[in-house]
Amino acid sequence: MSKNSKVLNLKDKISGNEADLSLSNLTEVPVRELAFFTKATVLDLSCNNITSLPPEFCNLTHLVKIDLSKNQLTCLPDDLGNLINLQHLDLYNNKLTALPVSFSQLRSLKWLDLKDNPLEPVLAKAAGDCLDEKQCKQCASKVLQHMRVIQDEVDRAREKRLLREKELEKKKEAKQREREAREKEARKREKAEEKEKRRKEYNAQVAAAAAREQQKKKNEEKKKKNGQAADKKVVISAPKPQRSLIGLLFKLLLLLCLGLAGVAAACRLTDLQKEAMCVPVNIAVDDGLSWVKEQEGVVRQLVANLSAAAKEFLESAQASKN
């Protein structure tokens, strides 16, 4: 069945301000079609097989009276309170156990029937019987009052939840600020440590440069002192050439003496003593020996002087090597 045919059939079921869809074997409410007939303020959906009402049903705010008795409803839409013009609601013989919290917003409701529903004990006590007009009006009043109490409890619970969420959010923000403060302090401390490290490195470099400069000065002073000492040594050792010349003369004299002694020994102790060349040598030796005997004391003094001179020469030579 097309949408147009549905609208056409629904139009046939509307008389004046009433749309009679009872006993139509409906399993769902034709909300879209009903929305076109805003003048039909009375809606009869009794004696069908409707198990639930769609959320869009709550947009039919023009409805004043609704009859949903003898269906299979197990729950009502959460936004049922949007039906602000609803005055008469018949829910007799369904399978309802509770009403939505928004039911408390049906401030225009004057008549209500909840008989033959498996209601919760508290809600059933508030609803009471609906055997006549007076009882049905009392049912509407008491149920609205009961639902407003529930609404207040829900509002308080929601406020507590919102307050708790707000407190949690504040705690979260406080923790976030504390964490950011710790991170900021850590970054500040790291910067300070890095600065102190660079300062120590700089001081160490300055100290090292100063130490190198001081060592350089010490080396220069040491070199200067060594140069002055070398100059002194040169000045002190200047007479060395004279000592060396005396030593050389002494050595030559010694060699000459040794040579003469060798010649004399050869002329006296060998067969050469008979040769003509050795005669004057032997005579000179004899004269010399005679003279030596005569000058024994002088010779001894001469030998002592020569020994002292030789000792001094050796000590000078050893000192110059060191």
Side-chain angles (χ1 to χ4, degrees), residues 1-96 98-117 123 127 130 132-148 150-151 154-155:
M1 186 178 295
S2 65
K3 180 178 178 181
N4 292 333
S5 60
K6 282 185 178 180
V7 173
L8 181 61
N9 292 339
L10 183 60
K11 188 176 181 180
D12 293 340
K13 294 181 177 293
I14 293 177
S15 176
N17 66 338
E18 181 178 357
D20 187 2
L21 298 178
S22 61
L23 299 170
S24 297
N25 199 27
L26 294 175
T27 57
E28 59 182 18
V29 180
V31 176
R32 293 184 180 180
E33 289 76 9
L34 290 171
F36 288 104
F37 302 95
T38 57
K39 293 183 179 181
T41 58
V42 177
L43 176 61
D44 188 355
L45 290 168
S46 61
C47 303
N48 283 292
N49 296 312
I50 301 171
T51 58
S52 64
L53 300 177
E56 295 80 10
F57 183 83
C58 301
N59 296 330
L60 303 177
T61 56
H62 60 281
L63 295 177
V64 175
K65 180 178 179 180
I66 301 174
D67 188 351
L68 285 165
S69 61
K70 297 183 181 179
N71 276 281
Q72 303 296 319
L73 292 173
T74 58
C75 63
L76 298 176
D78 291 336
D79 294 331
L80 188 69
N82 292 343
L83 301 177
I84 56 175
N85 294 313
L86 186 61
Q87 299 178 14
H88 184 111
L89 178 60
D90 192 345
L91 295 170
Y92 165 73
N93 194 10
N94 277 277
K95 297 181 179 180
L96 297 172
L99 298 175
V101 178
S102 66
F103 196 94
S104 62
Q105 300 173 14
L106 299 176
R107 302 187 182 280
S108 299
L109 190 65
K110 305 297 182 184
W111 192 98
L112 177 64
D113 188 356
L114 287 171
K115 291 191 310 296
D116 292 343
N117 279 281
L123 178 58
C130 184
D132 54 28
E133 188 74 13
K134 182 178 179 180
Q135 288 182 345
C136 291
K137 288 182 178 180
Q138 289 178 349
C139 176
S141 177
K142 291 182 179 180
V143 169
L144 283 176
Q145 185 178 0
H146 171 71
M147 295 308 299
R148 285 168 186 157
I150 295 177
Q151 180 71 58
V154 171
D155 290 342

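Model, not experiment: these values are computed from the prediction.
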Nearest heavy atoms of [X] and [Y], plus distance in Å:
X    : Y    : value
S108 : I84  : OG-O, 2.8 Å
A127 : V143 : CA-CG2, 3.7 Å
N71  : S69  : ND2-O, 3.2 Å
L83  : F57  : CD2-O, 3.9 Å
N94  : L73  : OD1-N, 3.1 Å
L109 : L144 : O-CD1, 3.8 Å

For Q72, all residues meeting side chain to side chain donor-acceptor pair (under 3.5 Å), sequence neighbours excluded:
K95

Taking only residues two or more places apart in sequence or in another chain, which ones pass side chain to side chain donor-acceptor pair (under 3.5 Å) with T27?
none

Going by side chain to side chain contact (heavy atoms under 4.5 Å, CB included), name the residues that satisfy it together with [X], two or more places apart in sequence or in a different chain.
X    : answer
K39  : none
K142 : none
D116 : Y92, N93
Q151 : V101, S104, Q105, D155

Measure the [atom1]-[atom2] distance between [X] and [Y] for me, rounded to the nearest 0.5 Å.
X    : Y    : atom1 : atom2 : answer
N117 : T74  : CG    : OG1   : 10.5 Å
L34  : L43  : CG    : CG    : 5.5 Å
T41  : L60  : OG1   : CG    : 12.0 Å
H88  : L112 : NE2   : CG    : 9.0 Å
L99  : H146 : CG    : NE2   : 8.0 Å
S102 : M147 : OG    : CE    : 7.5 Å

Full working for side-chain contact (heavy atoms from CB on, under 4.5 Å) between L21 and L10
CA-CA 8 Å; L21 298 178; L10 183 60; 3.5 Å; yes

Considering only residues two or more places apart or on different chains, which pairs with a residue in residues 42-56 satisfy side chain to side chain donor-acceptor pair (under 3.5 Å)?
N25-N49, D44-S46

Kindly check if the number of other-residue, nucleotide or ligand heavy atoms within 6.0 Å of CD (Q145) is above 12?
no

Output, in order, the C-alpha distance, side-chain angles, deciding distance and verdict of side-chain contact (heavy atoms from CB on, under 4.5 Å) for L53 and I50.
CA-CA 8 Å; L53 300 177; I50 301 171; 4.2 Å; yes

Pairs where residues 64-89 contributes a residue and the test salt bridge (charged side-chain N to carboxylate O under 4.0 Å, His left out) is met, not counting sequence neighbours:
none

Inter- and intrachain pairs under salt bridge (charged side-chain N to carboxylate O under 4.0 Å, His left out), touching residues 106-115, at least two apart
D113-K115

Under the disulfide (SG to SG under 2.5 Å) rule, collect the residues that match up with C139, sequence neighbours excluded.
none

As a quick check of understanding, evaluate side-chain contact (heavy atoms from CB on, under 4.5 Å) for V31 and N59, giving each step before the final call.
CA-CA 9 Å; V31 176; N59 296 330; 6.0 Å; no

Just jot down the ring-ring contact (aromatic ring centres under 6.0 Å, His included) partners of H62, sequence neighbours excluded, or say none.
none

